[in-house]
Structure formats: structure tokens, C-alpha cells
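Please read through the structure below; I'll follow up with questions.
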Amino acid sequence: MNVRVQMQLIEALGDENRWYCSQKLLRPVHEDEVLMTHFIRNGGAANFAKRWRDAMGDKNRWYCAQFYGYQVIDEEVLWRYFVDHARDGERAQCRSSSDLLFT
């Protein structure tokens with residue numbers, strides 16, 4: 001399976017999306033299909049696409065290379081670096097924009 005798809009599935013089926021989905025539906029959610037539907041319909045896929053582009057972009061590649069001390073080309077390493085090291089301000093801006101992760 002493609003790394004991008006794996007990372008998106010991890011988010012869609014993860015605790016954060018589960019919490020937002022449960023809040024919206026007013027019940028605990030354990031069904032993968034319900035979580036995926038919520039993720040897609042509420043902007044999670046669009047937000048993920050933007051963040052993926054940012055993670056694979058030149059700026060993140062440069063910071064990731066500085067962190068590890070070598071040029072990184074592995075998509076999973078770039079993604080994990082981006083997720084782990086994105087500045088709080090960038091995360092807040094991303095979530096407050098018109099393409100909200102969860103609404």
C-alpha cells in the first residue's frame with residue numbers, strides 16, 4: 001500500500017478523528033466506515049492533501065535534512081518529521097483555515 005494512503009488511513013481511523021466523529025454523532029464510534037465517511041465529508045481528506053504537499057515540499061525536506069544530517073527522500077520519514085516538528089502556529093493556522101480538518 002502506498003505510504004500516503006497508509007498515513008491518511010492512520011489519521012482517518014485515529015483517536016483524533018474518532019473523538020470529533022463521536023462528538024458530532026453524540027455516541028462512541030468504532031466502525032471504520034463511519035470514521036472514514038466523517039473524515040472525508042468534514043474536510044479531513046482535503047486538509048491531509050495540503051499537509052502532505054507541505055510535508056513533501058522543499059521547505060520540509062530542508063528542515064528534515066538538517067535534523068537528520070542527510071538528504072531525506074523517504075516519504076514516511078518526511079511525513080513523520082513534518083507531523084512531529086510542525087510548529088504549533090502552523091498547525092493552528094491549518095486547522096483554523098477554510099479547509100478545517102474536522103468541523
Side-chain angles (χ1 to χ4, degrees):
M1 185 183 300
N2 181 308
V3 171
R4 179 180 174 159
V5 173
Q6 288 176 333
M7 298 303 110
Q8 193 166 11
L9 280 172
I10 288 169
E11 284 199 359
L13 302 177
D15 292 340
E16 187 173 3
N17 187 47
R18 185 178 312 279
W19 185 85
Y20 281 105
C21 185
S22 294
Q23 293 297 306
K24 187 167 188 167
L25 298 178
L26 302 174
R27 67 173 179 83
V29 176
H30 303 288
E31 306 87 3
D32 290 351
E33 186 175 334
V34 174
L35 290 167
M36 291 296 296
T37 300
H38 179 267
F39 186 77
I40 293 165
R41 287 187 179 164
N42 291 282
N47 181 275
F48 181 88
K50 180 198 179 306
R51 290 182 299 118
W52 183 265
R53 284 190 306 272
D54 290 346
M56 298 303 128
D58 291 340
K59 184 177 178 181
N60 189 59
R61 286 178 185 271
W62 186 85
Y63 282 112
C64 190
Q66 295 302 304
F67 182 79
Y68 287 108
Y70 61 88
Q71 183 179 4
V72 178
I73 59 172
D74 184 276
E75 290 180 333
E76 186 171 356
V77 173
L78 288 165
W79 174 254
R80 292 195 185 281
Y81 176 84
F82 181 79
V83 169
D84 292 344
H85 295 93
R87 293 188 316 239
D88 290 335
E90 289 175 350
R91 285 185 181 155
Q93 179 184 12
C94 186
R95 291 196 178 156
S96 64
S97 69
S98 61
D99 60 345
L100 289 173
L101 181 57
F102 307 102
T103 57

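Treat the numbers as computed from the prediction; the structure is a model and nothing was measured. Values below: every heavy atom of this structure, side chains too, minus hydrogens, waters and symmetry copies.
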Problem set entry | Sequence-distant partners of R53, salt bridge (charged side-chain N to carboxylate O under 4.0 Å, His left out), two or more places apart | none
Exercise. What distance do W79 atom CH2 and D84 atom CG have between them, rounded to the nearest 0.5 Å?
Worked result: 10.5 Å
Problem set entry | Same apolar cluster (I L V M F W Y, side chains within < 4.5 Å links), I40/M7 | no
For this session: Treat each ILVMFWY residue as a node, draw an edge where side-chain heavy atoms are under 4.5 Å apart, and state whether Y63 and I73 are in one component.
Result: no
Exercise. To the nearest 0.5 Å, how far apart are CG in D15 and CD1 in I10?
Worked result: 12.0 Å
Exercise. Are there more than 12 heavy atoms of other residues, nucleotides or ligands under 6.0 Å from atom CG of N2?
Worked result: yes
For this session: Rounded to the nearest 0.5 Å, what's the gap from OH on Y81 to CZ on R61? Could you check?
Result: 13.5 Å
For this session: Could you give me the CA-CA distance, side-chain angles and deciding distance for H85 and F67, then say whether ring-ring contact (aromatic ring centres under 6.0 Å, His included) is met?
Result: CA-CA 10 Å; H85 295 93; F67 182 79; 4.7 Å; yes
Seminar exercise, completed: For R4 and F48, the nearest pair of non-hydrogen atoms, with its separation, is O-CZ, 3.7 Å
For this session: Tell me, please, which residues at least two apart from E31 pass salt bridge (charged side-chain N to carboxylate O under 4.0 Å, His left out).
Result: R27
Exercise. Taking only residues at least two apart or on different chains, which pairs with a member in residues 66-77 satisfy side chain to side chain donor-acceptor pair (under 3.5 Å)?
Worked result: E76-R80
For this session: For D54, enumerate each residue passing the side-chain hydrogen bond (donor to acceptor under 3.5 Å, both in side chains) test, keeping only those at least two apart in sequence or located in another chain.
Result: K50
Exercise. Passes side-chain contact (heavy atoms from CB on, under 4.5 Å), M36 versus L9? Steps please.
Worked result: CA-CA 8 Å; M36 291 296 296; L9 280 172; 3.7 Å; yes
Exercise. In the single-linkage hydrophobic clustering (I, L, V, M, F, W, Y; side-chain heavy atoms under 4.5 Å), do M56 and W62 co-cluster?
Worked result: yes
For this session: For residues A12 and L35, report the shortest heavy-atom separation together with the two atoms involved.
Result: O-CB, 3.6 Å
For this session: Could you tell me whether the side chain of F39 reaches within less than 4.5 Å of the side chain of N47, counting heavy atoms only?
Result: no
For this session: Mind checking the CZ-NZ spacing from R41 to K24? Nearest 0.5 Å is all I need.
Result: 9.0 Å
Exercise. For H38, does its backbone N or O pair with a side-chain atom of N42 as donor and acceptor, under 3.5 Å?
Worked result: yes
Problem set entry | Interatomic distance, W52 atom CH2 to E11 atom CD [nearest 0.5 angstrom] | 10.5 Å
Problem set entry | For C64 against V72, the heavy-atom pair lying closest together | SG-CG2, 3.7 Å
Exercise. Where is the tightest heavy-atom contact between V34 and C21, given as atom of each residue plus distance?
Worked result: CG1-SG, 3.9 Å
